[in-house]
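First comes the structure, then the notes that go with it.
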There are 2 protein chains.
Amino acid sequence: MTDSSDHDRSVTLLQEFGLKEYEAKAFVALTRLPSGTAKQVSEISEIPRTRVYDAVRTLESDGLVEIQHSSPQQFRAVSVTEATNTLQQAYEERTESLREALGSLGRANRETESDTTHEVWSLSGTAGITSRTRELVESADRELVLVLGDPSLFTGPLVEGLQAADGRGVTVLVGTTTDRIRARVQDELPTAEVFVSELDWLSGVSPDDDTEIGRLLLADRSAILVSTFHPQATDRQEQAVFGRGFDNGLVTVARRLMATGLSPMEDPGSSD
Amino acid sequence: MTDSSDHDRSVTLLQEFGLKEYEAKAFVALTRLPSGTAKQVSEISEIPRTRVYDAVRTLESDGLVEIQHSSPQQFRAVSVTEATNTLQQAYEERTESLREALGSLGRANRETESDTTHEVWSLSGTAGITSRTRELVESADRELVLVLGDPSLFTGPLVEGLQAADGRGVTVLVGTTTDRIRARVQDELPTAEVFVSELDWLSGVSPDDDTEIGRLLLADRSAILVSTFHPQATDRQEQAVFGRGFDNGLVTVARRLMATGLSPMEDPGSSD
DNA sequence: GGCTCTGTTAACCCGAAGAATCACAACACG
DNA sequence: CGTGTTGTGATTCTTCGGGTTAACAGAGCC
């Protein structure tokens, strides 16, 4: 059972690493064999035999298989660890190159810097939202109010970020959905105030509204990030809206909504 | 000057991360802008204006850009660090999944284990060859003979591997091309014997033979790896041949060639 | 030595995905 | 109220990858 599912999963993943379908299939076929001929590979992988050679050759030049030039030729996949290491390293190098190239990119600046009062931006994807969350946590000066709708969002790096913020004097308030989670969070953040949120809004308002609030972050009462989960949609996972600026409408609303339980923050208006 | 080259490099790299051409172009365009409308993006990126929307939307769901739903819509790229982190993380997760899926793959074992006497395998790509080199170094019991044709192949991880081998009692012999490199290597491997190789074979034999030997590794006198560089070929970089087994023809030849300067190894035939 | 069969390479065909264009509705603005 | 701009959808064109077939070479057999 794990056979076929892992098989297909491997093929798909390999393709996401830039391999063509035949290359991916050939590689997993060879991974299951100590070594094999074109014929054997063709039978297992359902690649037309005459095309096994091309696929295997490009795999060889990627360092993923070895070829024995006999007749018939023998093919052999490198070990799983060797293969994944090779791939991982390739993509780390690419990330580095990309960082470099994008960084030294000439800015075509037309200063369209309008006031941020009414700007509300949307972004999607847990990865991107997490990244933005981290940025907000790291740049907070005075106060962080964070409510997690899903405990899985309470990750290690986030804890570290909150601890660091706490360490530099930021007031950290964390809301959770259940007391069980509250206890766990409180355990990891002893100096923070951790509470169980009363918010009904974690579940949808109308019956056919199955959106759930994922996270909710108010930083220095001047930046707000709210994310939701839409389970029904096949494509989109986590969606978020994001606003910045003390006078921003969304921020104002969030501030009001959260006013209950917030102690007055000294000199609220002087932040940039 | 760095403008256009880095621009194109970014686009290409982004595409290697799975983005479509329009998505890649749109992202770099937005990276050069604090924020922009479809029209602006279209002008900078040379994407037809009507297709900017699709591209940006999928970028948004990848967490790479933010959208402001006003009229006209405003688009904004996340910071370079946010973007590269997001991408890197995505590929690290994929690597992990792949390792897992490939690892738990049911082996369709037909025991085709012939003797390795005459098997000579070829593999290409510096990454794969490096990986195989490491494996050989790590699994060596008694002796390692290594000759590097190119100093750039003498990397940190390789040094560590050699030191570890040395530490567990393996005799390590390293050959270099110049005395300068010899000194450097000797410095990092005090207990190893480092020598300047006399080998003429590092440069081609015939005039039109511009292949250069990259590395040459004999492990326990029972496994050999020889790699060469072919500078003229546009596609292939480093190529290698690889043989295993004490009786392997290639290994035998290598052993003979290297016999000069090798002290007799006790009980050479008893290794499997 | 000729013949056949298998292994290997290469060329070709076709369909899907993506790039480019167009047509049109909605909206903002004067 | 009309004109230009903005956003969405449908349509054509091109490219690339998957699939098939043919040609070639070599080994073994008769």
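Computed from a prediction, not measured in an experiment: that's the story for all the values here.
Within the 4.0 angstrom heavy-atom criterion, no nucleotide atom of any strand lies near B:S42.
A cation-pi geometry, defined here as NZ or CZ lying under 6.0 Å from the six-membered ring centre and within 45° of its normal, holds between B:R255 and B:F246. Judged by the 6.0 Å distance and 45° axis criteria, A:R132 is positioned over the aromatic ring of A:F242.
Relative ring orientation between A:Y53 and A:F75 is described as perpendicular, the plane-to-plane angle rising above 60° on a 0-90° scale split at 30° and 60°.
If you measure from atom NE2 of A:H69 to atom C1' of C:dT9, you get 14 Å, rounded to the nearest angstrom. Atom-to-atom, CD1 of A:I47 to C1' of C:dT8 comes out at 16 Å; the value is rounded to the nearest Å.
Boundaries of the chain A contact region on DNA chain D are D:dG17 to D:dT21, first to last in 5' to 3' order (nucleotide atom under 4.0 Å from a heavy atom).
A:L98 contributes atom CG, which lies 5.5 Å from atom CG of B:L13 (distance to the nearest 0.5 angstrom). Rounded to the nearest 0.5 Å, atoms CD (B:E21) and CZ (B:R51) are 10.5 Å apart.
Phosphate contact (OP1/OP2 of C:dT9, side-chain N/O of A:R57, threshold under 4.0 Å): present. Of the side-chain N and O atoms in A:Y53, one or more sit less than 4.0 angstrom from OP1 or OP2 of C:dT8.
Contact check for A:Q15 versus A:E23: no side-chain heavy atoms found under the 4.5 Å cut-off.
Across all their heavy atoms, A:V78 and A:G63 have their closest contact at CG1-O, 3.8 Å. Looking at every heavy atom in both residues, A:Y91 comes nearest to A:F17 through OH-O, 3.2 Å.
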- Using a 4.0 Å cut-off on protein heavy atoms (strictly under), produce a 5'-to-3' string for nucleotides 11-21 of chain C with B for base contact, S for backbone-only sugar-phosphate contact, and - for none. -------SBBB

